[in-house]
Trainee: 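The structure follows.
Just so you know, these numbers use all the heavy atoms, side chains as well, and skip hydrogens, waters and symmetry mates.
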Protein chains: 2
Amino acid sequence: MRILLVEDDQKIAAFIQKGLKAEGFAVDHAVDGEDGLHLALSEPYDAAVVDIMLPKLDGLTLIESIRQERLKIPVIILSAKGTVDDRVKGLQAGGDDYLTKPFAFSELLARIQALIRRSTDQTEPTRLAVGDVSMTLITREVVRAGKQIELQPLEFSLLEYLMRNAGRVVSKTMIMEHVWDYHFDPQTNVVESRIYKLREKIDKGFPTKLIQTVRGVGYVLKPKI
Amino acid sequence: MRILLVEDDQKIAAFIQKGLKAEGFAVDHAVDGEDGLHLALSEPYDAAVVDIMLPKLDGLTLIESIRQERLKIPVIILSAKGTVDDRVKGLQAGGDDYLTKPFAFSELLARIQALIRRSTDQTEPTRLAVGDVSMTLITREVVRAGKQIELQPLEFSLLEYLMRNAGRVVSKTMIMEHVWDYHFDPQTNVVESRIYKLREKIDKGFPTKLIQTVRGVGYVLKPKI
DNA sequence: TACACGTCATGAGAATTTTGCTGGTTGAAG
DNA sequence: CTTCAACCAGCAAAATTCTCATGACGTGTA
């Protein structure tokens, strides 16, 4: 497994490089954005760890450039800033995960492994997008129109299922099977009530509503004014 | 799809038969246990719906006989009695699901479809067993030593994951990935605390303990005094 | 248009699950 | 054999999710 590390702080870089090598990864280290971009475009990496603050070319621009070249390597963003806005920007630029300094090495490792697992498994995307809503599966973050939306675990699973089936009507039974893992009708209205909560967060205040109810059938995720 | 219906009450039988035919199933109807067993052993069915109270041969014995012949057709038990003890007996005899009269036809249909889906998908079992614990996935019921154990949804998922990996040590990270769908360390002790709850229900009061902790590694499900 | 019926949205209260903490165990190193 | 740090059980408080009752809405019928 080859990892590209783009980090100008020598101390942090050494710490990460050492840890990853001990775990059996081959690590290439670039000290500035230009160098990093060059390496990313010329060598085949399984994942990249990119700092935001970099000399010559900043991390966000670097990631955008990589994505413009249609490269799908999973990218983990490192940053000293942990504000919501920074995370949103990072994930929008095309990052697959976001880690705030300082962090435990074990956490970086876990995330790299999670990303590599996902990306080698061709059937599993790391992000989903419908209309102006995008979802980062690893960090479980959802952004609509540049604004981060806080979802509860079940609300996230529900939206994920709707997004994976965007444009298709999904019945409440199907939703229950996939989101709740119930294989028979529990005779309650869990789905309806959770859809209501999700709508409050994802649709309320936006001009176009995404969650449509199809009477007697189920729900669809589709932009509609 | 061929369904075997074993039911002596003509009215109920007609009601079920009519409904299933309307849904496109081919239904064979036996009016007593002997007749039902004979049909079950001679024809290939995709599922069976069996009443408990039957002339000549009762439903439970019928199911046990079918299972002794190593037949794996999914069986739904119908019964007027809905006590916990009856359910336990039914599921222990080898039933895959249990429905108490009176029931809505839509519920019977949903359960038949769920069972057929599971059984045609060869990779998906409908029941799991380790030591004296058995788990019915469709009804989400767990029985240890003939005693039904009430589990919460998450406790059930956790036990299910442990049972699917019985004898193998599973790390807390793996448990989190599969049961909670967390792909990185949330830095909490959710797993530990849920294992504790599960132990209280599944191991407390029994001479052999099933859930073993393997220090520094994770947990195993394995019978041990 | 008015009515009846089934489906769906809504919100409050109950139940479950997670979090965060405390003190007790365990096992390795010296 | 002792010390220390990591790990774990156990519990209570906080957060999330489910349940249940009620009213709104849509659809077909007279």
Side-chain angles (χ1 to χ4, degrees), chain A residues 104-107 140 142 149-162 169-182 184-205 209-221 224, chain B residues 104-107 110 140 142 149-162 169-205 209-220:
Chain A
F105 176 73
S106 64
E107 194 167 1
R140 298 183 88 75
V142 175
I149 293 172
E150 294 296 339
L151 293 184
Q152 300 307 332
L154 248 161
E155 291 164 358
F156 183 91
S157 302
L158 178 54
L159 180 59
E160 177 185 346
Y161 183 65
L162 291 174
V169 180
V170 287
S171 71
K172 277 182 274 199
T173 306
M174 283 169 63
I175 292 175
M176 274 195 296
E177 294 219 338
H178 287 89
V179 179
W180 276 262
D181 203 23
Y182 285 172
F184 52 89
D185 190 351
Q187 314 274 32
T188 73
N189 65 348
V190 234
V191 178
E192 286 158 33
S193 98
R194 225 97 270 283
I195 284 276
Y196 164 60
K197 294 281 182 195
L198 185 57
R199 270 178 171 148
E200 271 194 337
K201 297 191 178 177
I202 208 90
D203 273 343
K204 206 170 188 174
K209 309 299 179 192
L210 278 172
I211 304 173
Q212 315 298 333
T213 113
V214 182
R215 256 187 100 77
V217 187
Y219 299 91
V220 214
L221 203 69
K224 185 184 176 183
Chain B
F105 177 73
S106 64
E107 193 167 1
R140 299 182 88 75
V142 175
I149 293 173
E150 292 297 338
L151 294 184
Q152 301 305 334
L154 247 161
E155 292 164 356
F156 184 91
S157 303
L158 178 54
L159 181 59
E160 177 183 346
Y161 183 65
L162 291 173
V169 180
V170 287
S171 70
K172 276 182 276 197
T173 307
M174 283 169 61
I175 292 175
M176 273 196 296
E177 295 219 338
H178 287 90
V179 179
W180 275 263
D181 203 23
Y182 285 172
H183 295 284
F184 50 89
D185 190 350
Q187 315 275 31
T188 73
N189 64 350
V190 234
V191 178
E192 287 158 32
S193 98
R194 225 93 276 276
I195 284 275
Y196 162 62
K197 292 280 183 193
L198 185 57
R199 270 178 170 147
E200 270 194 337
K201 295 190 177 177
I202 208 93
D203 273 343
K204 207 170 187 174
K209 309 299 180 192
L210 279 172
I211 303 174
Q212 315 297 332
T213 113
V214 182
R215 250 187 109 75
V217 188
Y219 300 92
V220 214

Trainee: Could you check how far CG of Leu154(A) sits from C1' of dT17(D), rounded to whole Å?
Mentor: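 Answer to the nearest Å: 7 Å.
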
Trainee: Can you tell me how far the CD1 atom of Ile202(B) sits from the CD1 atom of Ile149(B), to the nearest 0.5 Å?
Mentor: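 If I round to the nearest 0.5 Å, the distance is 4.0 Å.
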
Trainee: Taking only N and O in the side chain of Trp180(A), is any of them less than 4.0 Å away from OP1 or OP2 of dT17(D)?
Mentor: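 No.
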
Trainee: Using side-chain hydrogen bond (donor to acceptor under 3.5 Å, both in side chains) as the criterion, list what pairs up with Glu192(B), not counting sequence neighbours.
Mentor: Lys172(B)

Trainee: OP1 or OP2 of dC8(D) versus the side-chain N and O atoms of Tyr196(B): is any pair under 4.0 Å?
Mentor: no

Trainee: Atom CG of Leu151(B) to atom P of dT16(C): distance rounded to whole Å?
Mentor: 12 Å

Trainee: State which residues pass side-chain contact (heavy atoms from CB on, under 4.5 Å) with Ser171(A); sequence neighbours excluded, sorted by chain then number.
Mentor: Thr173(A), Met174(A)

Trainee: For the NZ atom on Lys201(B), are there more than 12 heavy atoms of other groups (residues, nucleotides or ligands in this structure) within a distance under 6.0 Å?
Mentor: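 Result for NZ/Lys201(B): enclosed.
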
Trainee: Starting at OH of Tyr182(B) and ending at P of dT16(D), how long is that distance when rounded to a whole Å?
Mentor: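 For the pair Tyr182(B) OH and dT16(D) P, the rounded distance is 10 Å.
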
Trainee: Go along nucleotides 23-30 of chain C 5' to 3' and tag each nucleotide: B for a protein heavy atom under 4.0 Å from its base, S when only backbone or sugar atoms are that close, - otherwise.
Mentor: ---BS---

Trainee: With a cut-off of less than 4.0 Å, is there a side-chain N or O of Tyr219(A) near OP1 or OP2 of dT7(C)?
Mentor: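 Answer no for this pair, as no side-chain N or O of Tyr219(A) is under 4.0 Å from OP1 or OP2.
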
Trainee: Sequence neighbours excluded, which residues qualify as side-chain contact (heavy atoms from CB on, under 4.5 Å) partners of Arg140(A)?
Mentor: Phe156(A), Ser157(A), Asp181(B)

Trainee: Just how far, in rounded Å, is P of dA9(D) from NZ of Lys209(B)?
Mentor: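 After rounding, the reported distance stands at 13 Å.
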
Trainee: How close or far is atom P of dT17(C) from atom CD of Glu155(A), stated in whole angstroms?
Mentor: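 The distance from CD of Glu155(A) to P of dT17(C) comes to 17 Å, rounded to the nearest Å.
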
Trainee: CD1 of Ile211(A) versus P of dC8(C): gap in Å, rounded?
Mentor: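 Those two atoms, CD1 and P, are 15 Å apart.
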
Trainee: Whole angstroms only, please: what is the CZ-C1' distance between Arg194(B) and dA15(D)?
Mentor: 13 Å

Trainee: Measure from the side-chain N and O atoms of Asp203(B) to the backbone N and O of Leu210(B), and report whether any donor-acceptor pair falls under 3.5 Å.
Mentor: yes

Trainee: What is the distance, rounded to the nearest whole Å, between atom NZ of Lys197(B) and atom C1' of dG10(D)?
Mentor: 9 Å

Trainee: Distance check: side-chain N/O of Gln152(A) vs OP1/OP2 of dA15(D), anything under 4.0 Å?
Mentor: no

Trainee: Taking the side chain of Val190(B) as its heavy atoms from C-beta onward, which of dT18(C), dC18(D), dA9(C) lies nearest to it?
Mentor: dT18(C)

Trainee: Side-chain contact, heavy-atom cut-off 4.5 Å: Leu162(A) with Ile195(A)?
Mentor: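 When only atoms from C-beta onward are counted, Ile195(A) and Leu162(A) do touch, with a gap below 4.5 Å.
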
Trainee: Using the test salt bridge (charged side-chain N to carboxylate O under 4.0 Å, His left out), find all partners of Glu177(B) that sit at least two apart in sequence or belong to another chain.
Mentor: Arg117(A)

Trainee: Over all strands shown, is Arg199(B) touching base, sugar-phosphate only, or nothing at heavy-atom distances under 4.0 angstrom?
Mentor: sugar-phosphate

Trainee: Between Glu200(A) and Val217(A), which residue's closest nucleotide on DNA chain C lies nearer the 5′ terminus?
Mentor: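 Whichever sits nearer the 5' end wins; that is Val217(A).
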
Trainee: Are Glu155(A) and Arg194(A) packed together at the side-chain level, in the sense that at least one heavy-atom pair is separated by less than 4.5 angstrom?
Mentor: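 Yes, side chains in contact.
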
Trainee: Measure all distances between protein nitrogen or oxygen atoms and nitrogen or oxygen atoms of nucleotides 20-22 of chain C, and list the pairs falling under 3.5 Å.
Mentor:
{"from": "dG20(C)", "atom 1": "N7", "to": "Asn189(B)", "atom 2": "OD1", "distance (Å)": "3.4"}
{"from": "dC21(C)", "atom 1": "N4", "to": "Asn189(B)", "atom 2": "ND2", "distance (Å)": "2.9"}

Trainee: With a 4.0 Å cutoff (strictly under), does any side-chain N or O of Lys172(A) reach OP1 or OP2 of dC8(C)?
Mentor: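 For dC8(C), OP1 or OP2 has a side-chain N or O of Lys172(A) closer than 4.0 Å.
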
Trainee: Quick check: do Leu221(A) and Val170(A) have side-chain heavy atoms less than 4.5 Å from each other?
Mentor: no

